[in-house]
Amino acid sequence: MEQGLEGEVTLPASVRTRFAAYCNSLEGPSYKVIINTRRGRKFYMTTLGNNGFILFCSLFLAGTFRILYEVVINNNFTSLGYLVHGATLYDYSATIECHKQPLDPQYGGGLIANPGFDKGIEAWKIDGHVKIEARESGGNKFIVAYNRTTPYSVSQSFHLKKGLYYAFSAWVQLSEGSDIVVAMIYNSAQKTVIIVGSVIAKSGCWSMIKGGLTVDHNAPSVLHFQSNNTKSELRVDSVSLKEFTKYEWQENRLKNIEKVRKRTLRVNVSNKDGKKIGGAKIKIQQRKLQFVIGCATPSSILMSESYQKWFVSRFTTAVFDNEMKWYYVEGLQGHENYSTPDAMLKFFEDHGIDVRGHTVLWGADNIQRWVKDLPPRQLLSESVRRMGSIMSRYAGKLVAWDVVNENLHHPLFEERLGKNASAMFYKIASSLDSKATMFLNEFNTLEHPGDMVSIPSKYVEKLQEIKAFPGNEELVIGIGLQGHFDSHPNIPYVRAVFDLLGETKMPIWLTELNVMPCSNQVYSYHDSRPILLVMFADGLTLSLQAYYLEEIMREAFAHPAVKGMMIWIGWKPDRCNEMCLLNYELQNSPSGDVVDKLFAEWKTTNLTGVTDKEGSFEVKVFHGDYEITVYNPNSGANVTKEVQVYDDKSETLHVSISL
């Protein structure tokens with residue numbers, strides 16, 4: 001073996017299991033591992049201890065590798081990266097702008113035949129009462145559906161397979177007006193229609209649809225495009241549907257985590273005279289992860305010391321279920337009571353936990369009757385008074401505010417006060433608390449592609465409307481995606497939405513993440529054993545709800561546009577809502593175990609090493625707050641230093657410590 005690779009490389013059990021399953025799925029006689037040293041790249045055959053399977057599989061078929069993993073070595077073992085080299089790389093590119101010409105199809109079209117219409121209308125069919133033809137404009141070829149009497153246009157057939165992840169994209173344009181264009185796939189086995197993506201299409205420019213899907217059965221399937229604006233021609237170009245295996249999908253995630261959630265830390269040790277000290281012992285302990293993982297809680301946390309300990313030992317941010325909402329603190333007009341949110345905020349402040357403000361205003365049906373009955377002028381004055389009351393009270397104490405909650409689905413203020421109502425409220429909010437991030441908080445943008453009220457382009461349209469209001473141009477508006485998922489989340493669509501909304505350059509948070517239990521999954525609050533289980537190759541079992549929670553959390557953590565996620569569980573002594581992380585005895589549920597597992601996986605703890613002859617020790621760590629202890633065994637000197645290893649786009653953070 002290469003000099004400097006000493007001892008046995010130890011990996012977490014979850015990683016060993018994943019590699020074992022992957023290696024066992026490959027075919028072929030030649031497996032190799034690549035070690036990336038400072039002297040270049042060399043290949044070695046190796047195994048992982050006594051586990052009996054090959055570490056870092058790299059399969060060569062006809063001289064072409066598919067998957068390649070990489071180990072970074074610096075004298076002693078310092079860090080481990082999982083990189084996808086030979087497998088298909090996921091294309092994270094997206095656009096929310098309307099382009100003069102469409103871009104080329106992603107992945108060369110993938111499964112789609114004639115994706116760029118270079119062969120006219122070959123492989124494409126008429127869908128409904130419509131005429132189709134190929135056209136060319138400015139050197140760009142595309143297909144046109146015209147004389148439409150129904151929403152449908154063009155279609156193409158192919159075969160989809162269970163267990164694969166499908167990434168979809170296409171470019172669409174209307175000849176006049178604007179309307180939502182929906183891409184959907186009909187699955188003949190299930191006789192269901194799956195909406196894979198949509199966009200507000202316009203005339204005179206091309207808009208990108210990006211989405212995805214999975215299927216539960218192998219089946220012939222048909223892709224359709226539809227628009228309710230039947231007076232307009234519907235134009236389609238650069239269509240792509242690319243399949244990924246489960247392992248390719250996961251390894252792309254792992255690669256991105258290495259890229260966007262970690263940074264190289266180099267500790268340089270010297271004495272008071274500046275002489276470099278080799279052989280100094282280093283210990284690195286992470287105190288806080290930069291990426292935000294928080295949790296919701298009701299006021300019951302004030303009554304249970306055991307629940308308090310469980311909460312504060314895990315989460316860095318909290319959000320209150322209802323205790324800051326207008327109807328909670330002012331059920332009767334003019335009678336405010338902040339005693340409960342005051343007590344909750346003090347508890348979290350005392351424990352160094354940040355708090356999100358949820359929510360300032362909300363136009364949903366369950367608001368107070370007296371608010372609903374107000375005429376427009378009084379509604380405006382009472383709303384501004386409410387903003388001043390709660391935001392002045394907690395200004396500077398919160399990290400974020402949901403300013404006008406769910407205003408795509410509940411546009412009460414726009415309907416009563418005019419189209420710029422929300423934009424005006426965001427301007428007021430930013431002046432009342434300039435330190436906190438103001439969020440646009442909405443549901444179904446991420447969870448349900450079939451909800452046309454809150455599709456990504458509708459969300460972007462609202463965001464741009466707010467930022468266009470005078471005084472809001474430079475305002476950072478957080479993208480709050482609630483994430484109330486049903487029992488079978490569409491994971492490829494989740495990634496596509498992150499891609500699209502990431503193009504706003506605004507921070508994305510999952511603000512109310514939970515997953516509904518499957519219809520035939522039984523979870524008793526008084527018995528933490530789920531009945532419906534998923535069986536994995538290694539014999540492990542996991543509730544379906546917990547499995548999808550883990551998938552969503554991994555997608556969010558791996559995406560560069562996502563900055564935090566809040567889990568929405570609302571524990572109470574007698575029950576929990578929809579998804580339980582723990583039961584009434586404060587024992588973890590399978591979902592709670594998933595959260596703890598990910599906390600452990602995404603944390604750099606108890607990392608030790610020794611400086612080289614140049615007095616340096618280098619390692620790649622997760623972004624966060626660290627405590628670095630250096631000990632010189634020759635002199636007995638000992639120094640501890642607190643360091644913030646944050647993502648500032650530079651490759652290496654140099655930390656100098658003098659003994």
Side-chain angles (χ1 to χ4, degrees), residues 296 319-338 340-341 345 355-395 397-445 453-454 458-459 462-463 465-469 471-472 475-482 509 511-512 566 568:
V319 62
F320 307 165
D321 282 7
N322 301 305
E323 287 79 2
M324 280 193 180
K325 291 175 181 174
W326 195 357
Y327 67 73
Y328 192 98
V329 299
E330 192 180 2
L332 295 175
Q333 187 175 11
H335 296 273
E336 293 181 330
N337 184 351
Y338 284 98
T340 298
L345 180 60
V355 174
R356 294 188 78 253
H358 177 75
T359 173
V360 182
L361 298 174
W362 193 17
D365 292 338
N366 61 346
I367 63 172
Q368 311 94 300
R369 168 55 62 182
W370 67 265
V371 174
K372 286 184 181 180
D373 292 341
L374 292 172
R377 180 168 294 188
Q378 285 183 267
L379 177 61
L380 175 59
S381 64
E382 287 294 321
S383 298
V384 172
R385 180 185 63 81
R386 152 67 178 175
M387 295 182 72
S389 173
I390 189 169
M391 296 191 72
S392 297
R393 189 181 194 90
Y394 299 132
K397 299 180 179 181
L398 307 185
V399 295
W401 288 98
D402 295 330
V403 180
V404 185
N405 197 42
E406 301 171 356
N407 53 357
L408 290 176
H409 283 93
H410 305 296
L412 170 71
F413 299 102
E414 278 77 2
E415 291 171 353
R416 303 280 295 279
L417 304 177
K419 61 173 292 187
N420 289 323
S422 289
M424 175 186 62
F425 289 142
Y426 275 82
K427 182 178 180 180
I428 295 171
S430 64
S431 66
L432 289 171
D433 190 351
S434 60
K435 293 184 179 180
T437 301
M438 306 300 152
F439 272 78
L440 182 62
N441 191 44
E442 194 53 77
F443 64 91
N444 284 354
T445 304
V453 173
S454 57
K458 285 277 190 179
Y459 195 111
K462 191 66 177 179
L463 185 71
E465 175 187 295
I466 293 172
K467 287 181 68 64
F469 191 78
N472 288 350
L475 182 62
V476 174
I477 300 178
I479 294 178
L481 304 175
Q482 291 185 7
W509 283 37
T511 51
E512 303 179 19
M566 305 294 296
W568 197 260

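- With hydrogens and angles disregarded, no donor-acceptor distance shorter than 3.5 Å links the side chain of Tyr459 to the backbone of Ile479.
- Taking the side chain as every heavy atom from C-beta outward, Glu442 and Asn407 approach each other to under 4.5 Å.
- Atom CZ of Arg356 sits about 4.0 Å away from atom CG of Asp402, to the nearest 0.5 Å.
- Counting non-hydrogen atoms of neighbouring residues, nucleotides and ligands closer than 6.0 angstrom, the NZ atom of Lys372 exceeds 12 such neighbours.
- At distances below 3.5 Å, not a single donor-acceptor pair connects side-chain atoms of Lys435 with backbone N or O atoms of Ala395.
- Between His410 and Phe443, the ring-plane angle classifies as tilted under the 30° and 60° cut-offs.
- Here Trp401 pairs with nothing under the ring-ring contact (aromatic ring centres under 6.0 Å, His included) rule; sequence neighbours left out.
- The existence of a salt bridge linking Glu336 and Arg385 is confirmed by a sub-4.0 Å separation between a basic side-chain nitrogen and an acidic carboxylate oxygen.
- Annotation: the span from Thr340 atom OG1 to Met324 atom CE amounts to 11.5 Å, rounded to 0.5 Å.
- Side-chain contact check for Tyr338 versus Ile390: some heavy-atom pair is nearer than 4.5 Å.
- Heavy atoms only, all atoms of each residue included: Ile477 and Tyr426 are closest at CG2-CE2, 4.3 Å.
- Judged as a ring-ring contact (aromatic ring centres under 6.0 Å, His included), and not counting sequence neighbours, the contacts of Phe425 are Phe413.
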Inset, instruction - List the steps and the verdict of side chain to side chain contact (heavy atoms under 4.5 Å, CB included) for Lys462 and Val404. - result: CA-CA 12 Å; Lys462 191 66 177 179; Val404 185; over 6 Å; no
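- Atoms CZ and CG, on Arg393 and Leu345 in that order, are 10.0 Å from each other to the nearest 0.5 Å.
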Inset, instruction - Check the pair Asp433, Met438 against side chain to side chain contact (heavy atoms under 4.5 Å, CB included), reporting the backbone distance first and the verdict last. - result: CA-CA 9 Å; Asp433 190 351; Met438 306 300 152; 4.2 Å; yes
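- Within the model, atoms OG of Ser454 and CG of Leu408 stand 6.5 Å from one another, a figure rounded to the nearest 0.5 Å.
- At a threshold of 4.5 Å between non-hydrogen side-chain atoms, the residues Glu512 and Met566 do not count as touching.
- Side-chain atoms of Gln333 and Gln368 form no donor-acceptor pair, as typed in the model, at a separation below 3.5 Å.
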Inset, instruction - For side chain to side chain contact (heavy atoms under 4.5 Å, CB included), just list the numbers for Lys458 and Val453, CA-CA rounded to whole Å, side-chain angles, deciding distance to a tenth of an Å, and then say yes or no. - result: CA-CA 7 Å; Lys458 285 277 190 179; Val453 173; over 6 Å; no
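- How far OH of Tyr328 is from CG of Asn322: 8.0 Å, rounded to the nearest 0.5 Å.
- Listed here is the closest heavy atom pair of Trp370 and Leu332: NE1-C, 3.9 Å.
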Inset, instruction - Please test Glu330 against Val371 for side chain to side chain contact (heavy atoms under 4.5 Å, CB included), starting from the C-alpha separation and ending with a verdict. - result: CA-CA 10 Å; Glu330 192 180 2; Val371 174; over 6 Å; no
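- Closest heavy-atom contact between Ile367 and Leu412: CD1-CD2, 3.6 Å.
- Here the straight-line distance linking atom CD of Glu382 with atom CG of Leu361 works out to 11.5 Å at 0.5 Å rounding.
- Closest approach of Glu406 and Gln482 over heavy atoms only: OE2-NE2, 2.9 Å.
- Here the closest non-hydrogen pair linking Asn472 and Ile466 is ND2-O, 3.0 Å.
- Closest of all the heavy-atom pairs between Trp568 and Val319 is CZ3-CG1, 3.8 Å.
- A 4.5 Å side-chain heavy-atom check between Ser383 and Trp326 finds at least one atom pair inside the cut-off.
- Taking the side chain as every heavy atom from C-beta outward, Phe320 and Val355 approach each other to under 4.5 Å.
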